[in-house]
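Everything quoted here is computed from the prediction, not taken from an experiment. We name chains A, B, ... by the order of the sequence lines, and we start the count at 1 in each one.
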There are 2 protein chains.
Amino acid sequence: MRPAYQDIVDTITRRIASGVYRPGSRLPSEAQFCAEFRVSPMTLRRALNILLDQGLILAEKGRGTFVRPLGLTDCVFRLEDLEGGWVDESTSVRLLAASTTKASDRVAEKLALEPGSRVVYLRRLVLKGERPAMYHVEYVIFDPRRPLVESQLQITPLAGLLSGDRGNTFPRGTVTLRALSLSAEAARVLEEPVGAPALCLEHVFEDNERRPVSWGWFLLRADLFQLTARLGPEWQASQEVDRG
Amino acid sequence: MRPAYQDIVDTITRRIASGVYRPGSRLPSEAQFCAEFRVSPMTLRRALNILLDQGLILAEKGRGTFVRPLGLTDCVFRLEDLEGGWVDESTSVRLLAASTTKASDRVAEKLALEPGSRVVYLRRLVLKGERPAMYHVEYVIFDPRRPLVESQLQITPLAGLLSGDRGNTFPRGTVTLRALSLSAEAARVLEEPVGAPALCLEHVFEDNERRPVSWGWFLLRADLFQLTARLGPEWQASQEVDRG
DNA sequence: CAGTGGTCTAGACCACATG
DNA sequence: ATGTGGTCTAGACCACTGC
């Protein structure tokens, strides 16, 4: 059985999408909706809450509920549906280099360390089949007391890094996405011409106390990876199925 | 007064973030939570629902609720908090060209038209102060019966396009983000060297019947624009304020 | 079978906006 | 004062899992 609140969400969504309720206009009051859909206030409220944090409507206490005008900027891109497919059977990871070095000023700053502190320097190449797809460079704080480093040094952890568990620590941090041109070194590794465009996914991971633990970036070949989002209201068909 | 469900959300979030509840482990049952927080099942459920669609927990009917392990791929980028700022006082739009032409094969395909149909061809430059920041190219279906075109031809509508109302139609469509190198023409317009990196934001807008209405793309100078996201649990401090 | 998540009711009370 | 959104209760019933 399909939940009542879900039907309500879909119905209102459909009305917004088809222009029955126009952008900026006021929706019927909760009491009216309760009467129309024959549900209790709580159930109706739940439906509205869903629409609310989908960003489709806008509620103002004491005034009413309104259809929220949408714009391009309401787009959200999810890294999980990055085209090209992050991880499948044909994906493999090659560890190009792993060593400890002294942190440069830049690295020290990013990791909130004293310049010259020892850090682990990692370079990995992710391949789709035989084809280089991403290049990953990472600096990890070297601290024997923190067990994070061990899992970082494994060759396989990238799959785990991308989707789920990094040791047992809850992943935290900031991720930044930008465009850039490949440096000579990156171009060689990725088998692309120097200056070819790429997406750069820079990350700073933190521990539970929000102290930086690692800094690094993925370079994604622009011809293999892109992010897609849909804009505007969507709903699932109610698909009632008869079971004689 | 702060809602009870919000306090519950924050408390559980804090426990997850600090490692009291570890990734993958089972949370206390709803009945136990109800007892601990002294609330009715509905209120507790509401808190769990919020955590659920924040992606922080995972519920399995009949089995229990679990802490969801997160990974890099759980990142979500919102176009609205693109660094560089889309639209503020210093933003202006310059219409470089507006004309009607016959649709090329490529344009016709994107807009689901017969090749050779008439389309409106627009080129706009968005400046931050005196500095070129984005270059926008767009092809719009030319159909006198659809009033969309008029608002498209205005010089100002870009602000409206980015955040809210496009005529009165609800915005729908698909948006794709990728990296590329500037063509000679784009480089000239953006006052950048040829081949400089840029973010490309391609869009297809649709009408209420989901037929394509316009196709185009924004080129964003890579040195001015980037997207940032935070990964992991966040919560707002409960900040009770005395008003003696 | 008991335990767990999931939905729903029929009210109550509050805070806020408007006339 | 009225209407609006927002929160909350104290139960009930169902579906699913696992012993």
Tell me yes or no: between the side chains of B/Gln226 and A/Thr176, is some donor less than 3.5 Å from an acceptor? no
Rounding to an integer number of Å, can you tell me how far A/Phe37 CZ sits from C/dT7 P? 18 Å
Within the structure, does a side-chain N or O atom of B/Thr43 lie under 4.0 Å from either OP1 or OP2 of D/dC8? no
Measure the distance from CD1 on B/Ile8 to C1' on D/dC8 and round it to the nearest whole Å. 11 Å
Atom pair distance, as rounded to whole Å: CD in B/Glu60 and C1' in D/dA15: 15 Å
Would you mind reading off the distance between A/Arg38 atom CZ and C/dT9 atom P, rounded to a whole angstrom? 12 Å
Report the relative orientation of the aromatic rings in A/Phe218 and A/His136; use parallel for angles under 30°, tilted for 30 to 60°, perpendicular for over 60°. parallel
Check the orientation of A/Tyr139 and A/Trp215. Use parallel for under 30°, tilted for 30 to 60°, and perpendicular for over 60°. parallel
Check the distance between C/dG5's P and B/Leu51's CG and give it to me in whole angstrom. 13 Å
I'd like to know if A/Asp74 pairs up with A/Arg68 as an ion pair, taking the criterion as any Lys NZ or Arg NE/NH1/NH2 lying under 4.0 Å from an Asp or Glu carboxylate oxygen. yes
Residue pairs passing the side chain to side chain donor-acceptor pair (under 3.5 Å) test where at least one lies in residues 50-61 of chain B, sequence neighbours excluded: B/Glu60-B/Arg63
Contact state string [nucleotides 10-19 of chain C, B base, S sugar-phosphate only, - no protein heavy atom under 4.0 Å]: B-----BSS-
Quickly work out the A/Arg46 CZ to C/dG5 P distance and round it to whole Å. 14 Å
Which of these nucleotides, D/dT7, C/dT9, C/dT4, is closest to any side-chain atom of B/Ser29? C/dT4
Of the candidates D/dC8, D/dG5, C/dC8, the side chain of A/Tyr5 sits closest to C/dC8
For atom CZ of B/Arg26 and atom P of C/dG5, their distance in whole Å: 6 Å
Atom CD of A/Gln32 and atom C1' of D/dG5 are separated, to the nearest Å, by 13 Å
Would the number of heavy atoms belonging to other residues, nucleotides or ligands and lying under 6.0 Å from CZ of A/Arg15 be above 12? yes
Using only atom types and a distance under 3.5 Å, with no angle test, would you say the side chain of A/Thr13 pairs donor to acceptor with the backbone of A/Val9? yes
Indicate, with a heavy-atom threshold strictly under 4.0 Å, whether B/Ala31 touches base, sugar-phosphate, or nothing. nothing
